[in-house]
Amino acid sequence: MSKRGLFFCLCAVFAVYSVYVWTAGTDTPNIQPPSEQAKAGLALFQEKNCIACHQLYGLGGHMGPDLTNVASAPDKGVDYLKTFIANGTDKMPNFKFSEAEIDALAQFLVFLDRTGTYPPAHPEISWFGAVAYSGANNGK
Amino acid sequence: MANDTGLRFMLLGLLALAASLFFGVLSAFKFLYPEFLEALPFHKLRPLHVSLAVSWIFLTAIGGVYYYLPNLLGLALFSIRAARWHFWIFLVTGLAILGAYLLGQFGGREYWEFPPVLALPIFLSWILFAVNYFNTVIQRRSAWPVYFWMWGTGIVFFLLTFAESYLWLFPYFRENMARELAVQWKSYGSLVGSWNMLVYGTAIFVMEKISGNEAMAHSKMAFGLFFLGLFNLMFGWAHHTYPVPFAEWVRNFAYFVSMTELFILGKIIWDWRGSLSDYQKHRFRRPYRFLFAADIWVFINLVLALIISVPAFNLFTHGTHVIVAHTMGTTIGINTMILLGSIYFVLEQRDTDSALQTVSGMADHGYWLANGSLLIFFLALLVAGLIKGTYSGGSFGDMMASIEPFLLIFAVAGIGLMMGLWMVLLPALRRIYSLVFSVTARNPMRVENGQKTNL
Ligand code: HEM
């Protein structure tokens, strides 16, 4: 095959693969869409750049803890996380959020929590180093 | 109109690097002393550091393409005016982005944290670049060397994946967090692949010119590398997102894909090094050395990348400083070394006796300081990350306290790295500045060392 042919073949496969990833690739079939409040929370999460210090599913900056399941973690939960968001700490700024904004961020974190578990709950490691998660949503 | 756009891009790239290093050091100290410099909290410093670092890579790679095509490859740019526009759009948008960060105006997502409207001028400026590039290289009727393919692929895939990284603006993508994250990291994986195309293409070009061996850039091995790199760019991204609830085959496929790429680059550079004559090493001493350093860092990073791409190990390294070691190990050790090599190649190729030689002692010391510091920096991040990844004790705060000594080593080594790279980039900055802004240097008919040089 010519170089050009190979190049365009790869591009075609890439296009098909991309559409698959965009539409069907997730492992979270029964997820409820976020509420309006949670969507507003996600927008705020971006506007304040929380991800510079925090992670979602382990992705983000490393100054603060991962927030994927803070809404349901033992000894944590919604009131706990609202306290942090409302007051900050010596490492986390106090953003002086209104009550409505705090609720929106909390709803976003509740929505996030329902999408899966991080770190994965029951990883099964195969002999060649691949990892499977039992059940949908990483065992959630 | 003199065509110095390539040099201008490089000049801006060097400034971005100098500033990025400074913000990087401040960020590292913020881990330890969050109360210091209250006005610049970590969530402003981090994007300042990372966006400037990414800009350094793009600006300098783009500068190389604009410089090499007309000056060393004999292909007049299709449009000098479009290149100028590209430069100015980049500069003005870049300043707007830095301003937005300083004011705490975000709104984007990690790596492009700026308000999404600012993505539009960036996208437009790349279209100008793409049109200019393809209309320029099309003049070359004979078979294209591999770096033409790599540059072209880098440009096109930047456009595609930059657009993909904004799909989140459509509500459909936000309604499912797994999809949202997967598409985000799919696009970033390919984006890194596209800047690697630009940078590795530059490496191969510079190697060809130093060694005078034109066959290399047409060899089967070089094209093998190119297609493997392209394959990785397209399908390797999911190693960033192993823990995200995503179709299992996509993850396993990425695992397989990841095991391939860097190896071949190492092999090419290795083969090339053996084939150089002493004269050529001496004639282009600094670019040669930078490429040599990149070669060593390829091997070190290859080992780490292979390990963390095995999902079983990734369980312990994901979300830790091991990943930061990988990101900065590759962007500094490989990309930055190659791009500094490219800049010094431009300078040494222009000035055989050179204003450069007199100040270059500093650059040589800086080279060693930077590489030595980088090694300590890299190891400290690895250890900090491994402790975090295997930590089973109490709270997040306790874990952070236990890795603090290593974060301190990282921060101090970061100062060494910053000083070292500043010492390298300063002489280059001065020289390029004088080439771009002094009247004599701009005269395209200037006779230098008996050779006519063309700007
Ligand atoms: C050429 C020089 C450099 C380049 C290209 C570079 C690049 C990067 C990149 C791409 C990231 C994002 C990492 C990730 O998301 O995993 C990053 C993060 C970071 N860099 Fe650098 N960097 C450079 C020098 C430095 C120096 C000298 C320091 C000082 C110690 C530094 C400190 C940091 C810190 C603290 C972070 C944030 C880590 C985190 O919370 O995730 N960098 N850098």
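Bear in mind the structure is a predicted one, so any value in this text is a computation, not a measurement. Proteins come first, then strands; the chains are lettered A, B, ... in the order of their sequence lines, and each starts at number 1. Heavy atoms only: backbone and side chains are in, while hydrogens, waters and symmetry mates are out.
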Between [X] and chain A, with a heavy-atom cut-off of 4.5 Å, which part of the residue counts as in contact: side chain, backbone, both or neither?
| X | value |
| --- | --- |
| B:W144 | neither |
| B:M400 | side chain |
| B:L407 | neither |
| B:Y111 | neither |
| B:E110 | both |

When you measure from the side chain of [X] to the backbone of [Y], do you find a donor-acceptor pair of N or O atoms at a distance under 3.5 Å?
| X | Y | answer |
| --- | --- | --- |
| A:N49 | B:K44 | no |
| A:D113 | A:L109 | no |
| A:H54 | A:I51 | no |
| A:Y57 | A:G116 | yes |
| A:S2 | A:G5 | yes |

**Study point:** CZ/B:F170: more than 12 non-hydrogen atoms of other groups inside 6.0 Å
**Key:**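 No, not enclosed.
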Check your understanding: Does any pair with a residue in residues 54-79 of chain A pass salt bridge (charged side-chain N to carboxylate O under 4.0 Å, His left out), and if so which ones, sequence neighbours excluded?
Key ->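 Of all non-adjacent pairs touching residues 54-79 of chain A, none passes salt bridge (charged side-chain N to carboxylate O under 4.0 Å, His left out).
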Review point. Could you give all pairs that pass the salt bridge (charged side-chain N to carboxylate O under 4.0 Å, His left out) test and reach residues 180-190 of chain B, with sequence neighbours left out?
Key: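 Salt bridge (charged side-chain N to carboxylate O under 4.0 Å, His left out) check on residues 180-190 of chain B returns B:R109-B:E180, B:E164-B:K186, B:R174-B:E180.
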Parallel, tilted or perpendicular: rings of [Y] and [X] (30°, 60°):
| X | Y | answer |
| --- | --- | --- |
| B:Y166 | B:F162 | perpendicular |
| B:W151 | B:Y147 | tilted |
| B:F114 | B:W112 | tilted |
| B:F253 | B:F235 | tilted |

Review point. Under a 4.5 Å heavy-atom cutoff, which of A:H62, A:K48, A:Q46 has the most pairs with chain B?
Key: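 Winner by heavy-atom pair count: A:Q46.
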Exercise for review: Output the option from A:C50, A:A38, A:A43, A:G64 having the highest count of non-hydrogen pairs under 4.5 Å with chain B.
Suggested key: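 Ranked by heavy-atom pairs under 4.5 Å with chain B, first place is A:G64.
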Look at [options] and state which one has the largest set of heavy-atom pairs under 4.5 Å with chain A.
| options | answer |
| --- | --- |
| B:Q184, B:M234, B:M399 | B:M234 |
| B:H318, B:R46, B:K388 | B:H318 |
| B:V310, B:V50, B:T320, B:L45 | B:T320 |
| B:F173, B:W149, B:F231, B:F313 | B:W149 |

Please state whether the side chain, the backbone, both or neither of [X] comes within less than 4.5 Å of a heavy atom of chain B.
| X | value |
| --- | --- |
| A:K39 | side chain |
| A:T68 | neither |
| A:L6 | both |
| A:F7 | both |

**Study point:** Qualifying residue, where the test is ring-ring contact (aromatic ring centres under 6.0 Å, His included) with B:F42 and the options are B:F31, B:F29, B:F36
**Key:**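 Testing each of B:F31, B:F29, B:F36 against B:F42, the sole residue satisfying ring-ring contact (aromatic ring centres under 6.0 Å, His included) is B:F31.
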Check your understanding: Do A:K82 and A:I85 come close enough that some side-chain heavy atom pair is under 4.5 Å?
Key ->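 When only atoms from C-beta onward are counted, A:I85 and A:K82 do not touch, as no gap falls below 4.5 Å.
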Check your understanding: Does the side chain of A:Q55 come within less than 4.5 Å of A:L67's, by heavy atoms?
Key ->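 No - every pair of side-chain heavy atoms lies 4.5 Å or more apart.
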Exercise for review: Enumerate by number any residue of residues 9-16 of chain A whose heavy atoms lie under 4.5 Å from heavy atoms of chain B; in the absence of such residues, state 'none'.
Suggested key: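 The list, in residue order, reads A:L10, A:C11, A:V13, A:F14.
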Check your understanding: Looking only at heavy atoms, which of residues 91-107 of chain A get nearer than 4.5 Å to chain B?
Key ->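 Near chain B, by residue number: A:K91, A:P93, A:F95.
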Practice item. Please step through salt bridge (Lys or Arg N to Asp or Glu O under 4.0 Å) for the pair B:K30 and B:E35, ending with a clear verdict. Key: CA-CA 8 Å; B:K30 275 282 180 180; B:E35 66 287 352; over 6 Å; no
**Study point:** Rounded distance (nearest 0.5 Å) linking atom CG of B:L382 with atom CD1 of B:I387
**Key:**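 CD1 of B:I387 is found 11.0 Å from CG of B:L382.
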